[in-house]
Amino acid sequence: TAGGATADAGVALLMVLGYAAGLGLLILAATGVRRRTADWSIAAGLGFVCVSYAIAQGVVETEAGSQLTTDAYMYTDYAARLLRTGENPYSHEMAEAFRVHRAPLNYMTPLIDGNLSSRVAYPALHLLLFVPVQMAGLDTAMIYPDVGLATLAMLYLGVRADLRPVILLPFFADQTYLHYVLGGVTDITWALLLLAMLRSWHKPQQRGLWFGLACAYKHQPWALAPFLLIRIWHESSAERPARIRELLRFTGWSVAAFAAVNLPFFVWSPGAWFAGVTEPLVTPMITLGQGLSSLSMLGLAVMPKYVYSLFMIAVLGVCLAVYWLHFHRMRALLWLAPPLVLFFS
């Protein structure tokens, strides 16, 4: 809140209250309180942090005269508006979204060939989420912060009580996570859907549906699919037919959920839908990222994009082999391997 405190008295007050709340939590920790009191004190403190960040960012946006967001959010919002008028958003250029949102063009994603990415570049659930919010007359910019709070709540309430003091700390140890959720980065939604899959893991139909919806929202959950299949195989009955049935059940429900969301758009215009969904995978995008590609982004190592793809495929193969051969010793690799694979992409 320090940046906004110089321009807004309310933000300054929030900063002082934040110090007071932190001191109060320290006093509670030192004096000892009942578990239930501690649980809800921690949740209230972290909730206060989220609200403070949101208010401070609002002040910064007011000073800047524009919304701090991404082209992914603006394109998705505009695509939902097109859909509500009967237009196929996958068949339209999305650059008009910048005029609608009065946003600077530097938010656009550049391509190596000098063009700009200007189409719906995700599966259909990404934009369908906006339709009921728009129809209700609500601000779509609040979708991701609300989903973020729901994700924190599900994670906090879904673990053992002794883990609650620490389970949310990674989200607050680095301010980037909150800035992403408040700044129009869309990934928090598939994180919530994967958490829902975990909560229903012992219900085969539900876990398949939740994973299918996560895949119908964005591409990153796709990297989890082979690891989930390996886990289901090893956790199922020792008899091969039973294992195959479990794999088919999970795959069937996942594909059904994905198809239910995307099939209408595919039928509407197969070429446009396919071009949109594969946009991040096949278009000549500039090498950007927070993994190994940072070397090229910073000019430290000039490598063609296919080199990173080869690295990624090789790491994926090694991780799958290790997970298959050493599943009972490395169950947690399910959650560690996909981020490692994406690190090389």
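Side chains of Y217 and T186 form a contact here, defined as non-hydrogen atoms less than 4.5 Å apart. Side-chain contact check for V159 versus R164: some heavy-atom pair is nearer than 4.5 Å. Annotation: side chain of V49 is in contact with side chain of L178 (closest heavy-atom distance under 4.5 Å). In this structure the side chain of E87 never reaches within 4.5 angstrom of the side chain of R81, judged on heavy atoms. The closest side-chain heavy-atom distance from F265 to P123 is not below 4.5 Å.
More than 12 heavy atoms of other residues, nucleotides or ligands sit less than 6.0 Å from atom OH of Y156. Atom CZ of F311 sits in a sparse spot, with 12 or fewer heavy atoms from other residues, nucleotides or ligands closer than 6.0 Å.
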Practice prompt. Please lay out, stage by stage, how T109 and L116 fare under the test side chain to side chain contact (heavy atoms under 4.5 Å, CB included).
Written response: CA-CA 6 Å; T109 299; L116 298 166; over 6 Å; no
Worksheet item: How far apart are the C-alpha atoms of I286 and L111, what are their side-chain angles, what is the distance that settles it, and do they pass the side chain to side chain contact (heavy atoms under 4.5 Å, CB included) test?
Response: CA-CA 5 Å; I286 290 176; L111 303 178; 5.8 Å; no
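Between H234 and H328, the ring planes lie perpendicular to each other; the angle is over 60°, past the 30° to 60° tilted range.
Using a cut-off of 4.0 Å between Lys/Arg side-chain N and Asp/Glu carboxylate O, R243 and E246 are scored as not salt-bridged.
Looking at residues two or more places apart in sequence or on another chain, you find a side-chain contact (heavy atoms from CB on, under 4.5 Å) between W201 and M197, R207, L228, R231, I232, E235.
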Report, one line per pair, each donor and acceptor closer than 3.5 Å where one atom sits in a side chain of residues 254-264; sequence neighbours left out.
residue	atom	partner	partner atom	Å
S254	OG	G208	O	3.0
S254	OG	F250	O	2.9
N262	OD1	A124	N	2.8
N262	OD1	W273	NE1	3.1
N262	ND2	F258	O	3.0

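With 3.5 Å as the limit, one finds no donor-acceptor pair spanning the side chains of R249 and Q205.
A centroid separation of 6.0 Å or more is found between the aromatic rings of Y78 and H92.
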